[in-house]
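Remarks on the structure that follows.
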Amino acid sequence: MPEAATVSSIHLHVGQEVALSGWIYNLRGSGKVAFVLLRDGTGLVQCVASVDRLGPETFSRIRRLGQESSIEVTGTVQADPRATGGYEVRLTGVDVVQEALGYPITKKEHGPAFLFDHRHLWLRSRRQQAILRVRAAAVRALRGYLDDHDYLLLDSPILTPNACEGTSTLFGTDYYGRTAWLTQSGQLYQEAGAMAFRKTYCFGPTFRAEKSDTRRHLTEFWMVEPEIAWADLDDVMDAAEDFLVEVVARVVAEARPHLEILERDISVLERVQKPFPRVSYDEACRRLADRGIPMEPEDDFGAPQETALSDLYDRPVMVHRYPAAVKAFYMKRDPVASSRALCVDVLAPEGYGEIIGGGQREDDADALLARIREHGLPESAFGWYLDLRRYGSCPHGGWGLGIERFVAWLCGIRHIREAAPFPRTLDRLEP
Ligand code: 4AD
Ligand code: MG
């Protein structure tokens, strides 16, 4: 029996006969020779079927197989610089496991709605695989960074009694007769964690009932949220900057072949080096005004403002001290300008916009209670959170990075829904 191999390890088997299992990615050929591009989940390899080696019956069966038919094959591995991946397998035997007919995703152009309706199949295509491998590399990199830098993994709950990021984007669910919210952010629990362990993080799904269908918004997305005790806004900006520089470097080192499949300009990612420019919201508004970008005074930035700002720099830019009125209730006010919050957004280059939001938290119990009331939040749900200010409060802060926005930027893809295996948006719950 030939040794079982995978496409990713095919280079170890040159000159040997191996057994492979997979699916037909593409098939072309003539009366005597057929070229089967075999996909086995680890990569693509060209397999050559010839009537001489396989006999007329097997050969003609192969010739008729549809895209994505599943097969088990044996064959000899040859180095061939002209073939995809640099190797070729001369088939000695083929077992058809299932014959697929009329696979819906073909070489012709399909619209996004069709492709997302067939997301369960679209995952098999080369580009989608490259994106999702970059995502996996990004998750490995950010976990690796945080684990290596003494942040303790502390999972935040998904079902919560609290609204963290405003009451207008909550998904509720019945919880034995009362309403639980699907978490918008694990931050509040990380604050409890940071008071216990100094530096913690969570990485998990978060939910927002976003009413607008944009290329930057999902209703379910994964967020990593580090939190640090004894840290002010500058410390948070330093930590987030170090995190982003190191995580991007790790992804580039590990996922370069996948970024190349996506034809990503990797030099953009290599420029993610310290120091990031840091501008206040007020300074950013002046720069926007200089460039003639319209903007409502005291308003949050939207996509046009973020794009115009990030275009001024060759690396991510940190915008700090937004108007407190447009930001979340838990943010600490700037002691030198009380209308400003001690917060920071990191805007990615090339118009990708905000990928990180964070800042310093209100650490005074009375001020925090006043904010909870101003925002019309139910006090009873925040008793535990106020305890953190009653028992050993200290300056602290952290940030959240949405993995899909991060991956979309890493990959250079326009819409973040391709960065999620099964995206959830305003108009999509299937598949
Ligand atoms: O700026 P946001 O709302 O901040 C928070 O949730 C804080 N509690 C984080 C913290 O300080 N621990 O969201 C943080 C990030 C955004 O910068 C963006 O990357 C992502 O989460 N994000 C979304 N990604 C996809 N779809 C959405 N609807 C998103 N909303 C936020
Ligand atoms: Mg934000």
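Note that these values count all heavy atoms, side chains included, but never hydrogens, waters or copies made by symmetry. We number each residue from 1, following the sequence as shown. Note that the structure is a prediction, hence the values are computed from the model and not measured. Note that ligands are numbered from 1 as they come in the structure, with each ligand's atoms numbered from 1 the same way.
Within a 6.0 Å radius of NZ in Lys107, other residues, nucleotides and ligands contribute 12 heavy atoms or fewer.
The protein heavy-atom contact nearest to atom 18 (C) of ligand 1 is Arg405 NH1, 3.7 Å. The protein heavy-atom contact nearest to atom 19 (O) of ligand 1 is Ile355 O, 2.8 Å. What sits closest to atom 5 (C) of ligand 1 on the protein, heavy atoms only, is Glu165 OE2, 3.2 Å.
Listed by number with element, the atoms of ligand 1 under 4.0 Å from a non-hydrogen atom of Gly358 are 11 (O). Close contacts between ligand 1 and Gly357 involve ligand atoms 1 (O), 9 (C), 10 (C), 11 (O), 17 (O) [criterion: under 4.0 Å to a heavy atom]. Close contacts between ligand 1 and Tyr330 involve ligand atoms 7 (C), 8 (N) [criterion: under 4.0 Å to a heavy atom]. Every atom of ligand 1 is numbered from 1 in the order shown, and the set under 4.0 Å from a heavy atom of Arg216 is 25 (C), 26 (N). The distance from ligand 1 to the heavy atoms of Trp399 drops below 4.0 Å at these ligand atoms: 10 (C), 11 (O), 12 (N). Atoms of ligand 1 lying under 4.0 Å from any heavy atom of Gly400, numbered from 1 in the order shown and given with element: 9 (C), 10 (C), 11 (O), 12 (N), 14 (C), 15 (C). Each of the atoms 6 (O), 8 (N) of ligand 1 lies under 4.0 Å from some heavy atom of Ser185.
Nearest to atom 11 (O) of ligand 1 by heavy-atom distance, out of Glu354, Met223, Arg361, Glu225, is Arg361. Considering only non-hydrogen atoms, atom 3 (O) of ligand 1 lies nearest to Arg208 out of Glu220, Arg208, Gln187.
A side-chain donor-acceptor contact under 3.5 Å links Tyr385 and Glu191. Side-chain atoms of Thr214 and Ser212 include no donor-acceptor pair closer than 3.5 Å. Neither side chain, Tyr322 nor Asp282, offers a donor N or O lying under 3.5 Å from an acceptor on the other. Between the side chains of Ser185 and Glu225, a donor-acceptor pair is found at a separation under 3.5 Å. Residues Thr425 and Asp427 bring a donor and an acceptor atom of their side chains to less than 3.5 Å of each other.
Between Phe116 and Trp122, a ring centre-to-centre spacing shorter than 6.0 Å is recorded.
For the pairing with Arg428, the side-chain hydrogen bond (donor to acceptor under 3.5 Å, both in side chains) check across Asp117, Asp213, Thr219 returns one residue only, Asp117. Partner Arg216 forms a side-chain hydrogen bond (donor to acceptor under 3.5 Å, both in side chains) with one of Glu306, Glu210, His415 and no other, that one being Glu306.
In this structure, CD in Glu68 is found 12.0 Å from CG in Leu65, a value given to the nearest 0.5 Å.
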Next on the checklist: Evaluate Arg250 against Glu254 for salt bridge (charged side-chain N to carboxylate O under 4.0 Å, His left out), listing each step before the verdict.
Outcome noted: CA-CA 6 Å; Arg250 288 186 188 204; Glu254 191 185 322; over 6 Å; no
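Contacts between Phe221 and ligand 1 below 4.0 angstrom, taking non-hydrogen atoms only, involve the side chain exclusively. Contacts of Thr219 with ligand 1, taken as heavy-atom pairs under 4.0 Å, are absent altogether.
Residue contact annotation: Glu404 has no non-hydrogen atom under 4.0 Å from ligand 1. The shortest heavy-atom distance from Ile416 to ligand 1 is under 4.0 Å.
The Mg ion (ligand 2) has an N, O or S atom of Glu354 inside 2.8 Å of it.
Here's the thing with Leu218: one of its N/O atoms is less than 3.5 angstrom from an N/O atom of ligand 1. Considering both main-chain and side-chain atoms, Gly402 comes within under 3.5 Å of ligand 1 through a nitrogen or oxygen pair. Close N/O approach between Glu227 and ligand 1 is not found [any backbone or side-chain N/O within under 3.5 Å].
For the pair Arg39 and Tyr25, the cation-pi criterion (under 6.0 Å, within 45° of the ring axis) is not fulfilled.
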